[in-house]
Trainee: 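Pasting in a structure now, in structure tokens, and then I'll have a few things to ask.
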Amino acid sequence: MAAVQDGPMELDAEKETKPEILSDGTSNLSGNTASGTLSSSPLTAAPAGGAPKMEDQQTLIAVLQFLKRNKLTDSVEILRREAGLGEDQEDSLATDGSGGGKGDGDGGDAHSLLSRVSITSAVAPQNMPVKRADDQPDVSVVLSAYSQQGDPSLYQVYYSGLKNFIESVLDCHRAELSQLFYPLFVHMYLELVYNNHENEAKAFFEKFSGDQECYYQDDLRVLCGLTKKEHLKGNEALLDFRTSRFVLRISRDSYQLLKRHLQERHNNQIWNIIQEHLYIDIFDGMPRSKSQIDSMSGSLAGEARREVNKAKVFYGLLKEPEIEVPLDDEDEEAENEEGKPKKKKTKKDSLGSKSKKQDPNAPQQNRIPLPELKDSDKLDKIMYMKESTKRIRLGPENLPSICFYTFLNAYQGLTAVDFTDDSSLLAGGFADSTVRVWSVTPKKLRKVKSAADLNMIDKESDDVLERIMDEKTASESKILYGHSGPVYGVSFSPDRNYLLSSSEDGTVRLWSLLTFTCLVGYKGHNYPVWDTQFSPFGYYFVSGGHDRVARLWATDHYQPLRIFAGHLADVTCTRFHPNSNYVATGSTDRTVRLWDVLNGNCVRIFTGHKGPVHSLAFSPNGKFLASGSTDGRVLLWDIGHGLMIGELKGHTDTIYALKFSRDGEILASGSMDNTVRLWDSMKAFDEVETDDFTATTGHIHLPDNSQELLLGTYHSKSTPVTHLHFTRRNLLLAAGGYNSQ
Amino acid sequence: MASPKTVPKDAQVMMQILKDMGITEYEPRVINQMLEFTYRYVTTIIEDAKIYSTHAKKSNVDADDVRLAIQCRVDQSFTSPPPRDFLLDIARQKNQTPLPLIKPYTGPRLPPDRYCLTTPNYRLKSLQKKVSSSAGRITVPRLSVGAVSSRPSTPTLGTPSVQTVGTKVGTPVSLTGQRFTVQIPSSQAASVKSATPTTPTVQNVLINPSLIGSKNILITTNMVSQNSSSDSSSLKRKHEDEDDYDAL
């Protein structure tokens with residue numbers, strides 16, 4: 001028995017010393033090593049009764065295989081010596097064990113599974129029998145972590161015991177330890193289901209599901225429908241939930257209390273679950289209050305670990321290029337001498353600062369390759385600067401006017417809207433797979449003439465660019481056909497030449513706005529693509545969909561350049577940072593993540609929403625991010641520190657549109673409850689700056705000042721707001737489809 | 001007319017299921033849709049199970065057959081996205097390569113042609129009609145392309161009944177700096193509408209509107225005599241230079 005214990009303990013030690021990045025793989029490892037055995041997990045203490053010898057041997061074999069694969073030869077030797085196993089014995093047992101265990105493979109299976117899990121190997125997708133791995137072995141690997149660990153009828157006893165304990169601790173610790181209830185409940189329930197104890201599972205669920213927090217109700221409803229092992233297989237989000245560890249942030253004192261209590265008891269079932277499936281991020285300091293915990297919890301994977309949010313993020317803006325404005329003298333131009341390419345944004349920079357020094361928070365100019373400015377882009381910039389001088393300064397006393405574009409006869413088929421930056425064009429994506437483009441200004445939409453006609457124009461004339469346009473087919477709107485499913489995301493390119501649309505058919509299409517035809521179909525997501533957006537400088541675009549990843553593409557590559565994987569559920573919203581170096585994604589797993597374009601790493605995880613996140617907006621100065629979700633709240637995040645700095649309550653339904661005004665003073669939010677609300681973001685951010693960040697623990701006590709920050713609520717008759725856009729002069733445009741019900 | 005109050009039992013069950021899953025607002029036709037789906041799915045599974053059981057030479061369909069049928073269908077129709085560790089793996093691979101540099105001044109930045117949707121995906125069939133060698137043969141201006149645009153835009157209209165003739169075709173070159181030569185036979189007869197299929201007509205030159213920037217379109221006149229024997233070359237022609245061009 002001692003020999004068996006050593007094996008698992010060694011494994012534990014190795015697990016803990018491995019760096020955090022590998023944590024995604026470690027839980028797989030734990031599940032994997034169990035795959036070689038029938039039903040006993042090597043990581044848990046052997047059941048009190050003592051497992052049959054055969055299973056112990058198999059456990060040992062699996063552990064040895066794993067150690068060998070990772071070249072931990074010393075450990076292999078020690079383990080083998082202590083367990084008294086011969087080398088050949090090991091191999092033969094391995095083949096027997098895995099063959100007997102699964103019945104669908106041989107020793108090769110165990111090897112292949114182990115090699116797949118090996119962290120250092122870069123598995124090329126086409127080498128491994130991926131298709132098979134997708135469905136069967138992977139699922140079994142994952143789920144085998146739930147192998148029988150205790151008497152099913154005792155689960156209720158364990159849980160009640162924990163409940164009583166937590167209710168008896170001091171008030172200050174109770175809130176923190178109550179975080180344990182939900183993940184423990186779910187894991188125990190899933191264990192019961194996996195081991196085919198359907199009745200016990202149902203009883204367990206009925207007894208304790210009512211105790212859980214209200215914001216987990218949706219998840220619980222899904223769980224309620226899962227009563228058999230087969231049901232677990234199809235549910236990807238739940239599977240991911242299980243393999244990734246649920247993160248809890250508990251203060252050291254509370255944690256000591258808990259540990260002491262659980263280790264005193266003889267049946268440390270709960271302790272085993274905690275070790276395997278939960279990650280407890282311990283911090284030193286005061287235990288948090290219930291409201292603090294509530295504001296940060298709600299996501300599918302618990303909260304974010306502190307180290308995750310510590311990477312440096314370059315949230316500053318890139319420098320403006322130098323452009324001479326030969327015409328007007330009133331537009332003083334180009335402080336910055338370096339004629340560095342790219343950038344638009346922030347009038348503040350060009351009008352005021354003469355700083356030649358690099359903003360320490362801004363990324364290097366060439367951190368990511370960006371397209372250089374063409375002549376037409378420079379003209380655009382000049383127009384932009386001119387318009388920005390006529391911009392209205394908004395504030396609590398000076399609210400913007402709102403112009404609402406209502407789509408009639410859409411019959412709830414309007415699924416996506418976008419405006420160009422200069423507000424001249426409007427595009428709508430519809431559930432009937434069409435994309436329609438309208439001209440907002442009196443100028444009609446024209447497409448380029450046909451080849452025959454082009455031959456006949458005078459090519460040397462000055463206005464050749466007007467002559468190439470066909471007057472005969474000029475119209476107010478044009479319809480673009482091509483998709484084979486509802487269009488869920490549209491985005492104009494900054495130079496107004498291209499339009500992107502993403503649809504349920506899994507493709508993202510690039511349309512030319514000169515010929516109004518489709519140019520490219522980017523295939524990569526094979527599942528509905530929920531959102532897409534062009535980079536502020538053009539050339540790059542990002543898309544996110546049902547396959548839980550966001551992809552970064554460039555218009556001239558048919559495959560994505562970066563894949564941002566990490567979310568546990570669909571990616572519903574993707575936005576570029578104003579400096580184009582970062583991408584924010586909001587997801588159905590109720591988190592918002594910030595990704596670095598340069599290397600694809602996740603640099604921030606923001607938890608706190610209680611429902612799927614459907615809208616994101618960066619502030620124009622690049623420092624803050626606002627997110628809106630189905631729970632009707634808008635949360636404000638400080639990117640640099642990685643903290644939540646504000647919560648705006650007021651909406652009663654999903655928020656699908658969020659936009660900051662051009663100078664960042666006002667945040668407008670539009671929702672399904674047919675209202676547009678304006679919030680004082682200046683005030684919200686100012687208050688935060690003066691506070692004392694507890695940067696190490698990241699606890700912010702959020703003032704409940706939503707009422708003060710709300711500047712106005714504007715109702716439409718019965719049109720949910722799908723999109724918001726501030727024109728260059730700070731007029732607010734809103735768009736939505738009229739819903740007559 | 002049946003009273004609307006009596007809802008069939010199946011529909012009642014479906015309504016209950018929707019309620020249990022927390023769906024409170026739905027259009028009334030959703031129930032019909034769900035019932036249809038259920039019926040279709042169950043029928044398919046049971047049919048499959050029957051096939052498997054007869055294959056295994058069993059007299060009755062039993063639970064194993066049904067289980068097998070479900071499993072096979074799940075792999076086919078209800079695919080789910082790849083698992084997380086697989087995604088993390090390929091993401092790691094993909095994210096290791098540095099971002100490619102951007103080539104300057106290349107016009108519209110699009111992937112190679114074969115990944116774009118800009119090439120015509122049809123080809124006109126050449127007819128076997130021969131030209132009656134009348135004296136009054138009508139010739140029409142022919143366009144030959146010195147360098148073919150690699151990305152033709154929407155073709156101009158022409159009827160498929162007219163033959164298409166190929167002439168020498170240059171290899172596709174880059175977009176900028178293209179030159180087009182238009183050969184116009186001096187013996188320009190009355191304009192031939194596409195309705196007369198008697199003569200081999202010209203091919204169309206499709207100019208990519210993205211070439212607008214380059215103003216080097218050259219028009220030269222050339223004596224070109226046509227004959228039917230050039231039909232054979234038409235068949236070898238690449239699909240890019242397609243289409244009729246109605247001469248004026």
Side-chain angles (χ1 to χ4, degrees), chain A residues 24-25 28 122-125 130 133-135 138 218 221 224-225 234 236 239-240 243-244 368-372 448-452 454-455 459-460 464-465 468 514-515 517-521 527 539 546-549 554-558 560-566 568 597-601, chain B residues 20-22 67 70-71 74-75 78-106 108-112 114-118 152-157 180 182 204-212 215-217 219 245-246:
Chain A
D24 285 325
N28 262 350
V123 178
V130 163
D134 276 356
D135 302 323
D138 187 49
D218 287 336
R221 207 174 285 127
C224 186
E236 277 301 331
L239 289 178
D240 285 349
T243 51
S244 69
I368 61 168
L370 288 172
E372 75 261 332
V448 167
K449 286 180 181 159
S450 64
L454 281 175
N455 259 336
K459 290 157 194 67
E460 301 295 333
V464 64
L465 292 174
I468 57 176
L514 294 170
T515 60
T517 53
C518 183
L519 296 176
V520 194
Y527 295 92
Y539 184 66
H546 178 61
D547 56 354
R548 294 165 296 156
V549 300
T555 51
D556 58 5
H557 288 80
Y558 61 98
L561 299 174
R562 290 285 178 263
I563 295 186
F564 304 123
L568 300 180
V597 164
L598 184 64
N599 47 22
N601 293 338
Chain B
D20 280 344
M21 293 309 286
R67 229 173 266 134
I70 294 178
Q71 215 176 28
V74 153
D75 294 341
F78 304 111
T79 54
S80 54
R84 190 152 176 262
D85 52 345
F86 175 66
L87 291 173
L88 287 171
D89 235 353
I90 56 173
R92 203 176 300 132
Q93 274 191 311
K94 200 62 135 162
N95 296 344
Q96 273 165 3
T97 57
L99 289 173
L101 295 174
I102 305 180
K103 306 185 195 63
Y105 311 119
T106 44
R109 295 192 162 103
L110 294 177
R114 110 176 110 95
Y115 302 106
C116 287
L117 303 170
T118 47
S153 67
T154 53
T156 58
L157 294 179
F180 292 91
V182 175
N204 206 2
V205 171
L206 307 173
I207 305 179
N208 194 332
S210 61
L211 293 177
I212 301 311
K215 299 184 187 175
N216 37 11
I217 300 181
I219 302 188
Y245 179 64
D246 287 334

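It should be emphasised that the depicted structure is a prediction, and the values quoted were computed from it without experimental measurement.
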Trainee: Judged by atom type as modelled, is there a donor-acceptor pair below 3.5 Å linking the side chain of B/Arg84 to the main-chain atoms of A/Leu568?
Mentor: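 Looks like no, no N/O pair under 3.5 Å.
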
Trainee: Taking A/Tyr527 for the side chain and B/Ser80 for the main chain, is one N or O donor matched with an acceptor at less than 3.5 Å?
Mentor: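 Pair found, side chain donor or acceptor close to backbone of B/Ser80.
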
Trainee: Tell me, do B/Leu99 and A/Arg562 make a side-chain contact under 4.5 Å, heavy atoms counted?
Mentor: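 Yes, close enough: below the 4.5 Å cut-off.
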
Trainee: Are any side-chain N or O atoms of A/Thr555 and backbone N or O atoms of B/Arg109, one a donor and one an acceptor, separated by less than 3.5 Å?
Mentor: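 Confirmed, A/Thr555 side chain pairs with B/Arg109 backbone.
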
Trainee: Do A/His557 and B/Pro111 touch side chain to side chain, with heavy atoms closer than 4.5 Å?
Mentor: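 The answer is no; the side chains never approach within 4.5 Å.
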
Trainee: For A/Ile563, is there any backbone N or O sitting under 3.5 Å from a side-chain donor or acceptor partner on B/Asn95?
Mentor: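 A pair under 3.5 Å: yes.
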
Trainee: With a 4.5 Å limit on heavy-atom distance, are the side chains of A/Val520 and B/Leu110 in contact?
Mentor: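 Yes, close enough: below the 4.5 Å cut-off.
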
Trainee: Top residue by heavy-atom pair count (under 4.5 Å) with chain B, among A/Leu561, A/Leu514, A/Val549?
Mentor: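 So the answer, after comparing A/Leu561, A/Leu514, A/Val549, is A/Leu561.
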
Trainee: Tell me, out of B/Leu87, B/Thr97, B/Leu117, who's got the most heavy-atom pairs with chain A below 4.5 Å.
Mentor: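 Among B/Leu87, B/Thr97, B/Leu117, the one with the most close pairs to chain A is B/Leu117.
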
Trainee: Listed by chain and number, what are the side chain to side chain contact (heavy atoms under 4.5 Å, CB included) partners of B/Arg67, not counting sequence neighbours?
Mentor: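 Testing B/Arg67 for side chain to side chain contact (heavy atoms under 4.5 Å, CB included), a comparison that skips the adjacent residues, returns B/Ala63, B/Asp64.
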
Trainee: Mind ranking B/Pro112, B/Pro100, B/Pro98 by heavy-atom pairs under 4.5 Å with chain A and telling me who comes out on top?
Mentor: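 Most heavy-atom pairs within the cutoff with chain A belong to B/Pro100.
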
Trainee: Looking at side-chain heavy atoms only, is the closest gap between B/Met21 and A/Cys224 below 4.5 Å?
Mentor: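 Result no, sub-4.5 Å side-chain heavy-atom pair not found.
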
